[in-house]
Amino acid sequence: MLIKHKKRSDCSENEVTDQSVYLNRRQFMKVTGGTALGLGFGNAFAALQSGNPLSPAQPLQAAFDRVIETPYGKDETPAPYDVTSSYNNFYEFGYGKGDPAKRAGSLETRPWTITVEGEADVTGVFDLDDIIKESLLEERIYRLRCVEAWSLVVPWIGIPLADVLKKFKPTSKAKYVYFETLYDPKQMPEQRGGSIDWPYREGLRIDEAMNPLALLSVGMYGSVLPNQNGAPVRLVVPWKYGFKSIKSIVKIRFVESMPITTWSTLAPNEYGFYANVNPEVDHPRWSQKEERRLPSGVLFPNVIETQMFNGYTDEVASLYAGMDLKRNY
Ligand code: MTE
């Protein structure tokens, strides 16, 4: 894997610098390399029609039948489904971009419960389908910008995170929300070893979590999430680097202090708690000024400029008023 920084336009698919380089460098695990993508520019609509094989299970059909259209991202062109579902980071299933699609298929996503604990009046174990059935699902087309400097546009389906969190009535002590992915080494092969202190952990400040942009996603491209994209439920926090958007969530904990998170613990000088998309703050090993917008290949690198807060400044800048974003990266 490439560590030396090149001009983005010089990068080909199989030499992308990514988070797993950090792990590789420390020889904690094997890194298989990115899959060659080599895709041209597809017509998103053709892809939407051709690609998505997943329909919701019967009890959820009603919820998916009445997904609300929203104005979010109406001017964006979603990546073809096949790209979004084959170029993934889901380290529980491997470190190559194609590994999750190959290996996550057998993850059992039903029944699925979420344990809610900590500083809230309503805590306990909740069935995900009950949460979905009593919510209105929305479609939101968001840009997802990975810290590795690639990005793509995804039509997510989900519930505003604030709507879900408010059901649990967080107390005034709930200053942060902590999230945890499933820990099940039988189903998630990379959890049997390696360097990551599983389960994958993430967190948001409570006002970030309550921001209207934050989404608890249960689907994409009109149907349920494929396992490799974080089924059955994941966060989508579009103004932050993709690693904040934790997949396959089984635990939500309301806490008073900033929680420990996977990447900020593994490499604190490279990945911070806030992880807001910021072209002015380079990763120590590469620039964050540009990104490869997928689909991208050797012939069409499709490199674009990265925008502050991934282009969501109007919606989120007030969350960070007075904060030094170079220090709080
Ligand atoms: N969540 C878990 N549990 N494990 C992971 O490895 N990778 C993160 C994030 N959520 C990850 C995760 C990273 S680095 C990114 S960029 C996004 O998922 C990728 O989401 P996608 O594969 O749906 O594009």
Side-chain angles (χ1 to χ4, degrees), residues 16-23 29 31 34-35 37 54 78-104 107 109 142-158 178-185 187-191 194-204 215-221 224-251 261-267 270-272 275 277 283 288 291-296 310:
V16 181
T17 307
D18 64 25
Q19 286 169 303
S20 55
V21 167
Y22 170 81
L23 302 162
M29 58 192 62
V31 176
T35 24
L37 201 59
L54 302 166
Y81 175 85
D82 292 346
V83 174
T84 308
S85 60
S86 66
Y87 189 90
N88 299 104
N89 279 339
F90 199 170
Y91 291 144
E92 287 84 339
F93 294 100
Y95 299 90
K97 293 287 182 276
D99 290 344
K102 281 191 219 120
R103 301 170 82 190
L107 176 69
T109 58
Y142 280 161
R143 299 174 288 275
L144 183 146
R145 175 34 163 105
C146 179
V147 75
E148 298 161 355
W150 54 266
S151 66
L152 78 181
V153 175
V154 186
W156 301 106
I157 289 177
Y178 163 85
F179 301 89
E180 216 172 82
T181 293
L182 176 71
Y183 177 69
D184 185 349
Q187 296 199 77
M188 297 178 146
E190 295 302 333
Q191 287 183 338
S195 66
I196 292 179
D197 181 18
W198 307 106
Y200 194 98
R201 302 170 167 96
E202 259 310 333
L204 296 170
L215 195 69
L216 199 61
S217 171
V218 295
M220 63 183 213
Y221 298 82
V224 293
L225 286 174
N227 291 354
Q228 59 268 32
N229 289 89
V233 59
R234 69 174 291 172
L235 272 192
V236 181
V237 197
W239 71 96
K240 292 179 178 285
Y241 291 121
F243 68 86
K244 298 294 289 183
S245 292
I246 181 173
K247 297 177 170 182
S248 306
I249 297 167
V250 293
K251 188 171 286 183
T261 61
T262 292
W263 280 100
S264 63
T265 307
L266 261 176
E270 303 195 355
Y271 309 106
V277 175
H283 185 280
Q288 293 292 22
E291 65 204 50
R292 265 182 324 111
R293 170 62 53 86
L294 304 183
S296 143
N310 202 19

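Both counts, for ligands and for their atoms, begin at 1 and track the order of listing.
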Quiz item: Any N or O of Glu92 that comes nearer than 3.5 Å to an N or O of ligand 1?
Solution: yes
Quiz item: Taking N or O atoms only and a 3.5 Å limit, does Thr84 qualify as a polar contact for ligand 1?
Solution: no
Exercise. Check the pair Lys247, Glu92 against salt bridge (charged side-chain N to carboxylate O under 4.0 Å, His left out), reporting the backbone distance first and the verdict last.
Key: CA-CA 10 Å; Lys247 297 177 170 182; Glu92 287 84 339; over 6 Å; no
Practice problem: Go through ligand 1 atom by atom and flag the ones less than 4.0 Å from a non-hydrogen atom of Asn88. | Solution: 21 (P), 22 (O), 23 (O)
Quiz item: Under 4.0 Å from ligand 1, counting heavy atoms only, is it the side chain of Glu202, its backbone, both or neither?
Solution: neither
Quiz prompt | Atom of Thr84, atom of Ala79 and distance for their closest heavy-atom approach | solution = OG1-CB, 3.6 Å
Exercise. For ligand 1, find out whether one of its N or O atoms is nearer than 3.5 Å to an N or O atom of Thr181.
Key: yes
Quiz item: Just which atoms of ligand 1 are under 4.0 Å from any heavy atom in Tyr91?
Solution: 5 (C), 6 (O)
Quiz item: Within the distance-only criterion (no hydrogens, no angle test), does the side chain of Gln228 pair as donor or acceptor with the backbone N or O of Lys102 below 3.5 angstrom?
Solution: no
Quiz prompt | For Tyr241, side chain to side chain donor-acceptor pair (under 3.5 Å) partners two or more places apart | solution = none
Quiz prompt | For Gly94 against Arg103, the heavy-atom pair lying closest together | solution = CA-NH1, 3.7 Å
Exercise. Please indicate whether any nitrogen or oxygen in Asn229 is less than 3.5 Å from any nitrogen or oxygen in ligand 1.
Key: yes
Self-check item: Ligand-residue contact atoms, ligand 1 with Cys146, heavy atoms, under 4.0 Å
Solution: 16 (S)
Self-check item: Set of salt bridge (Lys or Arg N to Asp or Glu O under 4.0 Å) partners for Arg145, sequence neighbours left out
Solution: Glu291
Quiz item: What do the steps show when you test Glu180 against Ile249 for side chain to side chain contact (heavy atoms under 4.5 Å, CB included), and what is the final call?
Solution: CA-CA 6 Å; Glu180 216 172 82; Ile249 297 167; over 6 Å; no
Quiz item: Going by atom types alone, do Thr262 and Arg201 pair a side-chain donor with an acceptor below 3.5 Å?
Solution: no
Quiz item: Going by the order shown, which atoms of ligand 1 are within less than 4.0 Å of some heavy atom of Ser245?
Solution: 9 (C), 10 (N), 18 (O)
Quiz item: Can a non-hydrogen atom of Arg234 be found less than 4.0 Å from any atom of ligand 1?
Solution: yes
Practice problem: Return a yes/no value for Trp156: is any of its N or O atoms, backbone included, closer than 3.5 angstrom to an N or O of ligand 1? | Solution: no
